[in-house]
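Note that the structure is a prediction, hence the values are computed from the model and not measured. A, B, ... follow the sequence lines: proteins, then strands. Residue 1 opens every chain.
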2 protein chains.
Amino acid sequence: MNRLNYHHLYYFWRVAKQGNLTATAEKLAISQSALSAQINQLEHNIGQPLFAREGRTLVLTELGHTVLNYAEDIFQRGEELQQLLKRGVITLPSLRIGMLSSMSRNFIESFMEPLLKDKTDASFRLLARPQPELLDLLAQHQIDVVLTNREVSLSDDIAWQSQLLSRQAVSVIAPASRCDLPEYIDPAYKHQRWVVPGSASPLRAAFESFCTQHQLEPEIVAEVDDMAMLRLLARDSGALAAMPAVVVRDELQSGVLSKRFDVPNAFENFYAVTLKRKFQHPLLSELLQSPMIDAIQQATAEQQSDAH
Amino acid sequence: MNRLNYHHLYYFWRVAKQGNLTATAEKLAISQSALSAQINQLEHNIGQPLFAREGRTLVLTELGHTVLNYAEDIFQRGEELQQLLKRGVITLPSLRIGMLSSMSRNFIESFMEPLLKDKTDASFRLLARPQPELLDLLAQHQIDVVLTNREVSLSDDIAWQSQLLSRQAVSVIAPASRCDLPEYIDPAYKHQRWVVPGSASPLRAAFESFCTQHQLEPEIVAEVDDMAMLRLLARDSGALAAMPAVVVRDELQSGVLSKRFDVPNAFENFYAVTLKRKFQHPLLSELLQSPMIDAIQQATAEQQSDAH
DNA sequence: TCATTCATTCTATAAAAGTGAACGTAATTT
DNA sequence: AAATTACGTTCACTTTTATAGAATGAATGA
């Protein structure tokens with residue numbers, strides 16, 4: 001291999017991030033043929049393909065992902081330099097957060113809390129998508145972190161890093177009008193109307209198993225994936241609800257809803273998924289080691305040991 | 001400004017590090033004219049000079065230093081990528097430490113101690129030079145850190161970062177044969193033979209002022225800049241010596257020399273000077289926040305408060 | 001002073017990056 | 001099943017950029 005050609009690498013970076021040669025060529029204001037040729041030269045120079053040509057799309061190989069990680073470091077810093085040269089100042093790029101739309105908004109908000117207060121220079125973008133799309137975006141460095149309640153499965157190509165942020169017990173939530181119901185499992189719960197998480201969710205599975213175990217025969221009024229929607233239904237449907245308490249934090253506080261008890265051994269996990277990278281976004285580092293996260297982790301650790 | 005030309009930036013990086021166009025052209029195996037032209041283009045593209053042409057040499061401007069800092073981040077990462085692509089592994093580059101030859105070797109050794117034990121992958125280079133040359137090398141990213149006992153003066157161009165590592169009292173050291181001398185200032189010290197630090201050193205100034213204050217009339221046997229040399233003379237000359245105790249740590253322990261007392265208000269400061277950079281060498285970060293350093297700093301803090 | 005060192009400038013040439021049209025497939029529509 | 005569209009590659013050719021080499025100039029040092 002000769003010396004690395006940084007122009008080729010730059011083009012590769014742009015294409016890999018975009019995932020599409022034609023669109024990238026347009027953005028770069030060159031022809032696709034030129035772009036294609038440059039990337040071929042890079043691959044030829046390296047001696048191994050960076051993209052697998054699958055059908056009519058370009059998909060990063062394992063090596064491609066590795067190289068993209070380096071390119072990201074290199075050219076993010078380069079962009080910063082260019083900004084400095086042009087405008088005389090550098091502004092921190094926005095922190096790009098991806099979230100699963102089914103997650104608790106309250107949780108997300110408390111995660112981002114450090115960004116909201118007294119930091120004038122902190123800016124961020126928030127993006128709700130299905131999990132596979134989020135992971136794609138992450139792999140392409142289009143977002144910096146994914147907040148999810150679903151475990152990520154290991155991939156050959158990509159070095160995910162998944163950090164458990166919090167572990168919430170699943171609670172039985174009742175409208176204020178039903179505060180006669182006992183704060184423990186009881187025959188009174190045998191025939192009730194419920195709103196519950198969608199069947200794809202591990203929470204739902206836990207709820208079902210709980211019902212079987214205690215011979216409850218719930219009437220499912222609604223099953224909903226989206227936690228924000230679930231919250232509204234819990235508040236307004238008059239039915240009981242099974243969900244992490246954090247989802248309806250405000251309602252519990254104001255007394256509109258009340259928590260009866262925790263479903264034993266049913267938890268919702270919150271993860272922050274990132275790519276293993278040398279240079280993480282500074283705001284992200286801050287968030288991931290913020291005292292709030294520590295507090296949550298400590299709290300959940302206590303919860304766990306309480307449970308045992 | 002158009003898009004940043006990374007090849008130009010690469011050439012600039014090489015030249016700025018080397019400090020010399022002709023030699024760099026040779027290393028790059030291109031003509032000086034080509035190299036000169038490329039760098040001119042970069043400057044033209046940026047709109048401001050990166051080098052000041054002083055006589056027949058190229059000297060970095062303030063902007064030049066800034067750009068070099070970015071370039072260093074960019075291309076160090078690039079070199080790492082190239083290494084990965086060629087050899088399949090990345091090895092941490094050596095940590096390059098610059099030291100003032102006049103400094104205590106014992107101090108340097110204890111600074112580097114974390115590198116010496118059980119780390120198989122830690123490699124470093126050590127370089128003894130006069131202070132101005134060390135700072136030049138640092139500014140050109142040829143070394144990662146300068147260990148010095150002399151304050152750095154602030155420069156317009158370069159963002160030094162100077163961290164106080166340790167503060168050593170200056171002690172009066174006597175050969176074992178002279179352990180009759182009292183452990184406090186006393187007329188017995190009035191006429192004695194001494195080996196002392198060179199007159200450029202702040203230690204020497206402190207010693208002279210001490211002598212004046214207590215009306216000592218020292219016979220100066222030798223004045224020496226180099227602490228390693230001073231150590232030998234203290235051991236072998238039979239004269240008294242004024243120096244930080246750490247310099248003769250081993251001799252004090254073995255009893256060949258003995259410390260009589262500390263010269264009041266005379267200290268030698270040890271600094272680690274680095275460039276303010278986004279991405280510091282990982283080994284260096286480790287050293288600068290090693291528990292040994294903390295211990296020293298705590299000890300010296302106590303010393304200071306004792307003195308007050 | 002005169003040779004030496006080092007960077008710059010100029011012209012010609014070599015190398016590279018770029019264009020645009022033609023081509024090959026895979027996916028999608030009719 | 002045929003036509004259409006989307007997307008990447010290949011090829012012949014043009015434009016742009018990088019480079020060599022000789023000439024120039026300015027500072028340094030013997």
Side-chain angles (χ1 to χ4, degrees), chain A residues 1-61 63-64 67-68 71 75 78 136 140, chain B residues 1-61 63-64 67-68 71 75 132 136 140:
Chain A
M1 200 185 95
N2 296 330
R3 197 191 305 146
L4 184 61
N5 185 316
Y6 284 89
H7 289 161
H8 294 168
L9 189 66
Y10 179 80
Y11 283 161
F12 164 77
W13 179 58
R14 297 291 300 258
V15 172
K17 275 173 85 83
Q18 172 90 36
N20 172 316
L21 194 143
T22 307
T24 308
E26 200 165 338
K27 279 192 187 171
L28 290 170
I30 62 171
S31 65
Q32 8 169 322
S33 59
L35 190 52
S36 176
Q38 299 288 295
I39 284 180
N40 275 325
Q41 282 191 50
L42 178 62
E43 290 181 316
H44 185 257
N45 197 6
I46 288 178
Q48 304 179 62
L50 299 172
F51 289 110
R53 277 70 178 173
E54 296 192 353
R56 59 189 183 191
T57 61
L58 297 174
V59 183
L60 283 169
T61 60
L63 181 63
V67 173
L68 176 57
F75 295 114
D136 270 1
Q140 293 173 178
Chain B
M1 200 186 96
N2 296 329
R3 194 191 308 146
L4 184 62
N5 185 318
Y6 285 89
H7 289 163
H8 294 168
L9 188 67
Y10 179 79
Y11 283 161
F12 163 78
W13 179 57
R14 296 292 299 260
V15 172
K17 274 174 86 84
Q18 170 91 35
N20 171 316
L21 194 143
T22 308
T24 309
E26 202 165 338
K27 279 191 187 172
L28 290 170
I30 62 170
S31 66
Q32 3 168 300
S33 62
L35 191 52
S36 175
Q38 299 290 295
I39 283 179
N40 275 325
Q41 281 191 53
L42 178 62
E43 290 180 317
H44 185 257
N45 196 6
I46 287 178
Q48 304 181 60
L50 300 173
F51 290 111
R53 276 68 178 176
E54 295 192 354
R56 61 187 181 190
T57 60
L58 297 175
V59 183
L60 283 169
T61 60
L63 181 64
V67 173
L68 176 56
F75 295 113
D136 270 1
Q140 294 174 176

Problem set entry | Verdict with reasoning, Asn5(A) to His7(B), per side-chain contact (heavy atoms from CB on, under 4.5 Å) | CA-CA 8 Å; Asn5(A) 185 316; His7(B) 289 163; 3.2 Å; yes
Exercise. Please walk me through it: do Thr57(B) and Asn20(B) pass side-chain contact (heavy atoms from CB on, under 4.5 Å)?
Worked result: CA-CA 7 Å; Thr57(B) 60; Asn20(B) 171 316; over 6 Å; no
For this session: List the steps and the verdict of side-chain contact (heavy atoms from CB on, under 4.5 Å) for Leu58(B) and Ile39(B).
Result: CA-CA 11 Å; Leu58(B) 297 175; Ile39(B) 283 179; 5.7 Å; no
Problem set entry | Verdict with supporting geometry, Leu60(B) and Val67(B), side-chain contact (heavy atoms from CB on, under 4.5 Å) | CA-CA 10 Å; Leu60(B) 283 169; Val67(B) 173; over 6 Å; no
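Direction of the helix axis in the helix from dT1(C)-dA30(D) to dT30(C)-dA1(D) shifts by 20° between the two five-pair termini, rounded to 10°.
To the nearest 0.5 Å, atom OH of residue Tyr11(A) and atom CG of residue Leu42(A) are 12.5 Å apart. For the atom pair CD (Gln18(B)) and NZ (Lys27(B)), the distance works out to 4.0 Å, reported to the nearest 0.5 Å. Atoms OG1 and CD, on Thr61(A) and Gln48(A) in that order, are 8.0 Å from each other to the nearest 0.5 Å.
Nearer to the 5' terminus of DNA chain C, by closest-nucleotide assignment, is the contact made by Gly19(B) (compared with the other of Gly19(B) and Gln38(A)).
Between the CG atom of Leu60(A) and the P atom of dG8(D) there is a distance of 13 Å, given to the nearest Å. Per the geometry, CD1 belonging to Ile39(A) stands 15 Å off P belonging to dC7(D), to the nearest Å. Atom C1' of nucleotide dT16(D) and atom CG of Asn2(B) are separated by 13 Å, given to the nearest angstrom. Whole-Å rounding puts the Phe51(B) CZ to dC6(C) P distance at 15 Å. Between Arg3(B) atom CZ and dT17(D) atom C1' there is a gap of 15 Å when expressed in whole angstrom units. At whole-Å resolution of the value, CG in Leu50(B) and P in dT8(C) are 12 Å apart. At whole-Å resolution of the value, NE2 in His7(B) and P in dA17(C) are 7 Å apart.
Nearest heavy atoms, Gln140(B) versus Leu68(B): CA-CD2, 4.2 Å.
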Pairwise N/O distances under 3.5 Å, protein to nucleotides 22-30 of chain C:
from    : atom 1 : to       : atom 2 : distance (Å)
dA26(C) : N3     : Arg56(A) : NH1    : 3.0

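In this pair, Phe51(B) and Phe12(B) present their aromatic rings tilted. The plane angle is within the 30 to 60° band.
Contact check of residues 20-35 of chain B against DNA chain C (heavy atom, cut-off under 4.0 Å) returns Asn20(B), Leu21(B), Thr22(B), Gln32(B), Ser33(B).
Residue Tyr11(B) is in sugar-phosphate contact alone, with no base atom involved, counting any heavy-atom pair closer than 4.0 Å across all strands shown.
Scanning for side-chain contact (heavy atoms from CB on, under 4.5 Å) contacts around Gln41(B) gives His8(B), Gln38(B), with sequence neighbours left out. Contacts of Tyr10(B) classified as ring-ring contact (aromatic ring centres under 6.0 Å, His included), with partners at least two apart in sequence or in another chain: Trp13(B), Phe75(B). Under the rule for a salt bridge (Lys or Arg N to Asp or Glu O under 4.0 Å), the partners of Arg53(A) that lie at least two apart in sequence or sit in another chain are Glu43(A).
Contact check, Asn5(A) against dA16(C): no side-chain N or O comes under 4.0 Å of OP1 or OP2. Listed pair Arg53(B) / dA26(D) fails the phosphate criterion, with no side-chain N or O lying under 4.0 Å from OP1 or OP2. Dashed line: the shortest gap from a side-chain N or O of His8(B) to OP1 or OP2 of dA18(D) is under 4.0 Å. Neither OP1 nor OP2 of dA7(C) sits under 4.0 Å from any side-chain N or O of Ser36(B).
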